[in-house]
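Before any comments, here is the structure.
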Amino acid sequence: MQTDMIANLTLMAPELLLAVGAMALLMVGAFSGEKSYKLVNGLSIILLLLALVLVAVFPQQGNAFGRAFINDSFSGFMKVLTLAGSIVTLIMSSGFAKSEKFDKFEFPILILLANVGMLLMISANDTLSLYLSLELQSLALYVVAAINRDSVRSTEAGLKYFVLGALSSGMLLYGISLVYGFTGHTGFEGIAQSLASSERQLGVVFGLVFIFAGLAFKISAVPFHMWTPDVYEGAPTPVTAFFATAPKMAAMALLTRVSVDTFQPITHDWQQIVVFIAIASMILGAFAAIGQRNIKRLMAYSSISHMGYALVGLAAGTQVGVKGVAIYMLIYLVTTLGTFAFILAMRRKDGNVEQISDLAGLSRTNPIMATILTILMFSLAGIPPLAGFWGKWYTFLAAMQANLYALAIIGIVASVVGAFYYLRIIKIMWFDEPVGGFVPVAGELRLVLGASGLLVLLYVLIGGPISTYAEAASKSFF
């Protein structure tokens with residue numbers, strides 16, 4: 001019994017490290033006062049790096065706690081992306097915190113606790129562990145969204161996210177209860193076996209719809225996207241950068257596991273839901289972003305459309321599709337982090353600016369910044385041979401191989417429409433008259449900008465090993 005407990009806890013070492021570390025840092029912050037932000041933030045980054053090393057360098061595979069928790073190649077891949085997104089977000093926020101009076105020690109601690117929830121989400125193998133981990137992540141994010149207590153916009157963003165998040169959690173729980181009622185199981189494997197050994201029941205399909213509705217909220221997929229533009233615009237920019245990256249990795253990993261693993265016997269039913277959500281997300285994201293003037297709101301609609309493109313791969317329900325989702329999420333993470341590093345660098349002497357018009361003539365005042373953002377925008381638009389093109393290539397290829405031709409064609413058309421607003425930003429930077437330059441870019445932002453720009457530009461050279469890693473991850477389900 002004791003040996004089993006030690007084995008279970010060893011398997012959960014990264015999650016335990018972050019949970020215990022967050023509690024310890026909470027004590028450090030509480031006793032050191034408001035001026036402890038720098039120390040707590042630095043230690044939080046070290047803890048996340050240690051967790052990343054445990055996941056990537058010393059991977060542990062197996063299941064724990066009655067198969068409620070599972071570690072496999074897919075969970076390892078997605079955990080690396082989640083932790084990397086969190087680490088970069090905390091690094092980028094350090095300069096912003098000081099200048100915008102955002103230096104509250106609670107912020108990095110809440111990020112740590114959210115990461116505990118996200119890592120548990122990725123490894124969830126039971127509907128109960130799914131719900132508990134998702135709520136742990138959500139509760140931390142509700143507070144993070146409204147962490148700037150002096151800002152009405154931030155408070156409003158937090159309240160909107162909380163109210164709509166509570167609604168989505170209720171829908172998810174209702175779906176879980178329906179599935180349990182009709183199958184008699186809460187474990188993913190038990191549900192799959194029950195569905196495979198009996199005829200499909202309408203109650204299970206209803207439960208499936210509610211579960212997908214709850215998870216679609218977490219990735220900002222249409223029609224559960226309504227919180228995204230307001231929260232992205234209202235929350236402090238480092239918080240928006242975090243929302244746009246790490247939680248999306250965890251939620252997409254969970255949605256993938258639930259789809260291709262748990263509900264595999266009724267693939268035809270969930271496939272229809274995913275196809276609808278993917279099409280709606282791609283189209284709304286492409287058209288709604290056209291009229292945006294605030295770059296954070298534009299990135300919100302961009303995020304919605306990119307989740308749609310990732311779901312194209314999931315809709316295929318095949319190993320190639322899961323591989324496409326994994327690669328797409330990695331490329332999305334790198335490009336989005338680079339873009340938000342740029343948004344954080346949009347700073348004049350009187351503070352940060354967020355209007356797209358503020359980028360006018362940037363190529364003349366800061367040509368390096370303008371060049372890197374141009375590369376990132378071309379990648380988000382899916383222009384070859386940049387990384388964004390290969391992300392779409394893998395997901396659309398999976399859809400074509402699964403005979404989902406209409407879905408792939410709609411995705412390509414939405415990409416063409418979406419390219420308009422990315423190209424508009426490039427046009428404003430390179431061809432409009434300058435409206436004044438930005439203050440010198442902080443070192444950490446320069447590092448993130450440069451690294452993301454290089455990865456996007458040179459993806460053709462490093463795509464082989466990434467594709468191999470993603471393929472190994474996708475084999476976890478097949």
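Source: prediction; values computed, not measured. Note that the numbering runs from 1 along the sequence shown for the chain.
Side-chain atoms of S220 and K248 include a donor-acceptor pair closer than 3.5 Å. Using modelled atom types, one finds no donor on one side chain facing an acceptor on the other under 3.5 Å when comparing T10 with Q60. Inspection of the S303 and Y332 side chains reveals an N or O donor paired with an N or O acceptor under 3.5 Å. Counting only N and O atoms by type, the side chains of Q292 and R297 include a donor and acceptor under 3.5 Å apart. Side chain to side chain, N294 and E354 meet the donor-acceptor criterion of an N or O pair below 3.5 Å. Using modelled atom types and a 3.5 Å distance limit, the side chains of S123 and N71 yield a donor-acceptor pair.
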- For the pair L311 and M252, evaluate side-chain contact (heavy atoms from CB on, under 4.5 Å) and give the outcome as yes or no after the intermediate values. CA-CA 9 Å; L311 288 171; M252 187 61 79; 4.1 Å; yes
- Residues D72, R257; criterion salt bridge (Lys or Arg N to Asp or Glu O under 4.0 Å); working and verdict: CA-CA 11 Å; D72 52 24; R257 191 178 295 279; 3.1 Å; yes
- Message: I'd like to know whether I375 forms a side-chain contact (heavy atoms from CB on, under 4.5 Å) with L386, so could you lay out the CA-CA distance, the side-chain angles of the two residues, the decisive distance to 0.1 Å, and finally the verdict.
- Response: CA-CA 8 Å; I375 292 167; L386 301 174; 4.3 Å; yes
- Message: Could you walk me through whether E15 and K79 satisfy the salt bridge (Lys or Arg N to Asp or Glu O under 4.0 Å) test, starting with their C-alpha distance in whole Å, then the side-chain angles of each, then the deciding distance to 0.1 Å, before giving a yes or no?
- Response: CA-CA 11 Å; E15 289 84 355; K79 282 180 182 181; 2.8 Å; yes
- Can Y394 and Y328 be said to form a ring pair (Phe, Tyr, Trp, His ring centres under 6.0 Å), step by step? CA-CA 8 Å; Y394 282 111; Y328 198 95; over 10 Å; no
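Without hydrogens or angle criteria, N41 side chain to K38 main chain gives no donor-acceptor distance under 3.5 Å. Remark: side-chain polar atoms of R446 are not paired, donor with acceptor, to backbone N or O of P440 under 3.5 angstrom. Of the possible polar contacts, none joining the S32 side chain to the G29 backbone as a donor-acceptor pair under 3.5 Å is found. Side chain of T89 to main chain of G85: a donor-acceptor pair is present (N/O by atom type, distance under 3.5 Å, no hydrogens or angles). Counting only distance, with no hydrogens or angles, the side chain of W390 and the backbone of V460 share no donor-acceptor pair below 3.5 Å. Here the side chain of S467 pairs no donor or acceptor atom with the backbone of G464 at under 3.5 angstrom. Here the side chain of S129 pairs no donor or acceptor atom with the backbone of F69 at under 3.5 angstrom. The backbone N or O of M78 sits less than 3.5 Å from a side-chain atom of T82, completing a donor-acceptor pair. Looking at S363, its side chain never comes within 3.5 Å of a backbone N or O of T371 through a donor-acceptor pair. Using modelled atom types, one side-chain atom of N115 and one backbone atom of I111 make a donor-acceptor pair closer than 3.5 Å.
By the 4.5 Å heavy-atom criterion applied to side chains, L83 and L18 are counted as neighbours. Here the side chains of Q61 and L11 are not in contact, with every heavy-atom distance at 4.5 Å or above. The side-chain heavy atoms of F340 and T240, taken from C-beta on, include a pair separated by under 4.5 Å. Inter-residue side-chain proximity for L362 and F342 is flagged as met; some heavy-atom pair is nearer than 4.5 Å. Side-chain contact between S138 and K218: present, with at least one pair of heavy atoms (C-beta onward) separated by less than 4.5 Å.
Ring centroids of F74 and F477 are separated by less than 6.0 Å, placing the two rings close together. Here Y422 and F378 keep their ring centres 6.0 angstrom or further from each other. For F217 and W227, the ring centers are positioned less than 6.0 Å apart.
Relative orientation of the Y161 and Y142 rings is perpendicular, given thresholds of 30° and 60° on the angle between their planes. By the 30° and 60° cut-offs, the orientation of the rings of Y309 relative to H306 is perpendicular.
Between I219 and the options I277, L254, L255, a side chain to side chain contact (heavy atoms under 4.5 Å, CB included) holds for only L255. Across R153, K160, K296, a single residue satisfies salt bridge (Lys or Arg N to Asp or Glu O under 4.0 Å) together with D230, and that is K160.
Distance CD1/I331 to OG1/T336: 11.0 Å, rounded to 0.5 Å. In this structure, CG in L445 is found 8.5 Å from CE in M369, a value given to the nearest 0.5 Å.
Evaluation of the side-chain hydrogen bond (donor to acceptor under 3.5 Å, both in side chains) rule for T374 yields W430 as partners, not counting sequence neighbours.
Nearest heavy-atom pair across Y421 and A289 is CE2-CB, 3.3 Å.
The ring-ring contact (aromatic ring centres under 6.0 Å, His included) contacts involving residues 352-373 comprise nothing, where partners must be two or more places apart or lie in separate chains.
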